[in-house]
Structures are given as C-alpha cells and as structure tokens.
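Below: the structure, in structure tokens.
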Amino acid sequence: TVSKFCAAHFAQRFKERYLKQALMEKDEKGEKGEILKKALREAFASISEEIVEKGFLDGSTAAVVIITGDFICLAHIG
C-alpha cells in the first residue's frame with residue numbers, strides 16, 4: 001500500500017537526498033525553517049512521483065514532525 005511504501009522510504013530519502021543538500025545550501029536569511037521546508041517539499045514530491053510510476057491505486061496522508069534542539073517543524077500532505 002501507499003502508506004507502507006511511504007513509511008519504508010520517506011525518512012531515508014528525506015535524510016540522504018534532500019536534507020543534506022538543503023543544509024549545505026544557504027538560503028538568503030539562513031533560516032532553519034526555510035531549509036527544512038524545501039527539503040520536505042522535495043522529498044514529498046519525489047515520493048509522490050514514485051507512487052504514480054509504480055501505479056498504486058490507493059492514497060494516503062502523512063504528517064511529519066522534525067524536532068531539533070530549538071525548533072519544531074510540522075508538515076502534512078495528503
């Protein structure tokens with residue numbers, strides 16, 4: 001199912017493909033929130049494209065929470 005696919009692949013893809021890249025890039029203000037939002041958007045888009053390519057017929061929704069020492073980021077897609 002889509003939920004199982006996302007659960008199995010999202011965190012690793014977010015970490016490896018997007019978060020490292022986003023953290024290496026400097027946004028204009030250097031704001032952690034903007035960097036995380038960019039990484040989340042790109043990871044969600046990548047997962048969505050793969051779901052379409054695999055021909056899944058069901059849908060899913062996701063909530064992701066990222067907590068660092070001084071920052072909380074919550075994202076929802078569905």
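Computed from a prediction, not measured in an experiment: that's the story for all the values here. Note that the numbering runs from 1 along the sequence shown for the chain.
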Please list, chain by chain and in numerical order, all residues satisfying side chain to side chain contact (heavy atoms under 4.5 Å, CB included) with S48, sequence neighbours excluded.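 Side chain to side chain contact (heavy atoms under 4.5 Å, CB included) list for S48, sorted by chain: empty.
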Can you name the side chain to side chain contact (heavy atoms under 4.5 Å, CB included) partners of V65, sequence neighbours left out?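 Applying side chain to side chain contact (heavy atoms under 4.5 Å, CB included) to V65 gives I67, I72, L74.
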Run through I47, I66, V64 and flag the one making a side-chain contact (heavy atoms from CB on, under 4.5 Å) with F14.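 Going through the options one by one, the only one that passes is I66.
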Residue pairs passing the ring-ring contact (aromatic ring centres under 6.0 Å, His included) test where at least one lies in residues 33-65, sequence neighbours excluded: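 Applying ring-ring contact (aromatic ring centres under 6.0 Å, His included) to every pair that reaches into residues 33-65, excluding sequence neighbours, yields F5-F56, F10-F44.
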K4: partners by salt bridge (Lys or Arg N to Asp or Glu O under 4.0 Å), with sequence neighbours left out: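 In terms of salt bridge (Lys or Arg N to Asp or Glu O under 4.0 Å), with neighbours along the sequence ignored, K4 is linked to no residue.
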Apply the hydrophobic cluster definition, ILVMFWY joined by side-chain contacts under 4.5 Å directly or through others, and give me every member besides V52.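 Members other than V52 - counting any ILVMFWY side chain reachable under 4.5 Å - there are none.
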